[in-house]
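Report on the following structure.
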There are 2 protein chains.
Amino acid sequence: MNLKQLSELLGLSQTTVSRALNGYPEVNEATRERVLQAVKETGYRPNKAAQRLATGKAGSIGLVMPTAPGHQSDVHFGEFLAGLGEEAVRHDFHFVIMPADPDDEVAALRRLAISGNVDALFVAYMRAHDPRLAMLKSLSMPYVVHGRSFGSEPDYPYLDIDNEGAFYDATRLLLQLGHTRFALMNGPMHLDFAIRRKNGVAAALAERGLALDENCVSHALMTDEQGLLAMEQFLQLPERPTAILCSSTVLALGAIRAANQAGLRLGEDISLIAHDDVLPLLKPENFSVPLTTTRSSLRAAGVRIAQRLIGTVKQAGPFPDQELWKTELIVRASTGPAPQV
Amino acid sequence: MNLKQLSELLGLSQTTVSRALNGYPEVNEATRERVLQAVKETGYRPNKAAQRLATGKAGSIGLVMPTAPGHQSDVHFGEFLAGLGEEAVRHDFHFVIMPADPDDEVAALRRLAISGNVDALFVAYMRAHDPRLAMLKSLSMPYVVHGRSFGSEPDYPYLDIDNEGAFYDATRLLLQLGHTRFALMNGPMHLDFAIRRKNGVAAALAERGLALDENCVSHALMTDEQGLLAMEQFLQLPERPTAILCSSTVLALGAIRAANQAGLRLGEDISLIAHDDVLPLLKPENFSVPLTTTRSSLRAAGVRIAQRLIGTVKQAGPFPDQELWKTELIVRASTGPAPQV
DNA sequence: TACATAATTGAAAGCGCTTTGGGTGCCACT
DNA sequence: AGTGGCACCCAAAGCGCTTTCAATTATGTA
């Protein structure tokens, strides 16, 4: 069933039927009713490809999903997608997800953009000096970046959390508790958030005349195994750290396992603060020793970015171009006074 | 840059350029080279919407993502998606993901199908007597179901794991270890896999003249919190179970926390077998007491389903219509002999 | 040399929709 | 009666591609 058939069925022109469906004012209410009725009975749905071809709009936002045979799926991705979806469903938008090898992301993004399949783009996993920014700017298609790109002029639309502030605050808390030996369990070094978090820690330490020992910094994929490994290394250091900052609750999972295996009590022998993306699977309050965290909901960020993206496509009013969300510092049992030596 | 511009640039007709690009044999190799060269230089990419309109094919597979403000994102979804993506990227396929309220899934699937945006459909989270099956059959669009629908004639294309067999085997193992009091921590009751797993347990117990006490069966969302709750209830039973079967490692996470809090030693006071979807985040071998599991990779299932879907669209068939994968029973430390009373 | 045949290329129709640029009545006002 | 304005409706062009059908040139064959 297509427009032509439907209009013939109704004895109307395609024009009128199309107008009736799209809410144009110049169609008689009675005929509009008739059309709507016929749509219900026939189950007619406009062909999206044709619609897009004719209007240039498709009601879809595009994103690239990094993937490869060895590539681990990322819980954070799913959670963020849930947020995007929650908002998209309200506007009858859908996603076009282009899987792409992580090495091929710029090209994949470009292909996606000029494929004509999407109205707007979303990009995440930002790196320092991210090459995708230049490409996006050249594209004349709305986009929003999740995160920022260290070293690039911040003149692009983004939503980010205050990573530096979060880790600055967390570090200060630990300093106040008397800790002096710190370790940072971070995400991959090239990622923007990792850089900023490290800077936040360093800044807070510097205020007390302390510095972050490079041996006490790990950069790795945010999996529990990497957390375990990193923690094991930290614990073997001659002056082992008593305060651990952790870029994800996933890493914390492994880190805590390592600490337990070493017979250390969390919140007493060793203190830990993790960043919490509010993953439904890993609630810090459910850890056997509830975790002190810096918190910011990834899902909420997804919702907000979808709002901005869809709003821009629909030309529904101006949105702030740059948003920086503060995180909350939530104190639970995994932090305590530095142990007396 | 579109076909017209490109062909003018080359002094060729759109026909020839199109044919050159799509690998038709009747075009001179020299001109094909010339076209390919121009494509490289200009960065031309065909408009997918137009392509789809003209051919009816779009190189995309569609799926519905259940979502709603309160709806928890599901790690399993992300992992499965990673599998689909791994295969899709090899064929330059993409996904169209339609977020939809869980109550609206049939309609959403229908909308997606007739939107003309996708070449094939994938559906998961199958229920007993699933209403989507009838709809899919009426659609004349390729689809593959992940899982099956209990109570429906199995005449649709699916890939499923042998849930009944898995839990039958697991139960038998525990029986052999001398356990007699069993509990099953299952997924939501209406889901197909939950029904079959329960049947598997019941079948194995029946062989020994045992039955599954309804008080020892929980049906809940597969989150760690629900696992905790369910376990707490089991432990309060007058005759508390010594053998726990768990539909997911996520549930097991909570269950184990509850057991620990009750001072029970896993693999000694209480034995547990969980089904392992091979989530990168939750490796059963990394649990403080490594978990005995029935294993089947969700991601591998994603890859395979993508293969079948894409293969069917590309008519690179034929593919088996029904596939039932056996699971592996992997014994680790969370199972031990039943404690002497 | 003449003619069938193969190898290339093009013109134009069509995919299903939106939208521009007219119509056609009908009414109120001069 | 003539004019302008309104409320409705329609024919047809166009979005960017594929594909049918036809035309042109090159290559053999008798």
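Sequence lines set the chain letters: A, B, ... in the order given, protein chains first and strands last, and positions in each chain run from 1.
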### Task
Give a yes or no on this: more than 12 heavy atoms of other residues, nucleotides or ligands lie within 6.0 Å of atom CZ of B/Arg110.
no
### Query
Just checking B/Arg19: base, sugar-phosphate only, or nothing, at a heavy-atom cut-off of under 4.0 Å?
base
### Summary
Closest of C/dG16, D/dC10, C/dT9 to the B/Asn28 side chain is C/dT9
#### Entry: Heavy-atom side-chain contact between B/Leu3 and B/Ser18 under 4.5 Å
yes
### Message
Looking at A/Thr15 and C/dT18, is any side-chain donor or acceptor paired with a base atom of the opposite kind under 3.5 Å?
### Response
no
#### Entry: A/Gln14 side-chain proximity, nearest of C/dT18, C/dT9, D/dT18
C/dT18
### Summary
Taking for B/Gly11 and for B/Ala54 the nucleotide of DNA chain C with the nearest heavy atom, the one nearer the 5' end belongs to B/Gly11
### Message
Given B/His146, which partner from the list B/Tyr156, B/Phe80, B/Tyr158, B/Tyr125 fulfils the ring-ring contact (aromatic ring centres under 6.0 Å, His included) test?
### Response
B/Phe80
#### Entry: Closest to side chain of A/Leu3, choosing from C/dT18, C/dG16, C/dG14
C/dT18
### Short side-chain N/O contact from A/Thr16 to OP1 or OP2 of D/dC10, under 4.0 Å
yes
### Task
Report yes if a side-chain nitrogen or oxygen of A/Tyr44 is closer than 4.0 Å to either non-bridging phosphate oxygen (OP1 or OP2) of C/dC17; otherwise report no.
yes
### Query
What nucleic acid atoms does B/Thr55 come within less than 4.0 Å of, heavy atoms only: base, sugar-phosphate, or nothing?
sugar-phosphate
### Message
Once you apply a heavy-atom cut-off of 4.0 Å, does B/Glu26 come out as touching a base, just sugar-phosphate, or nothing?
### Response
base
### Query
Any chance CZ of B/Arg45 has more than 12 other-residue heavy atoms, nucleotides or ligands included, within less than 6.0 Å?
no
### Task
Select one nucleotide: of D/dC17, D/dC10, C/dC17, the one nearest the side-chain heavy atoms of A/Asn47.
C/dC17
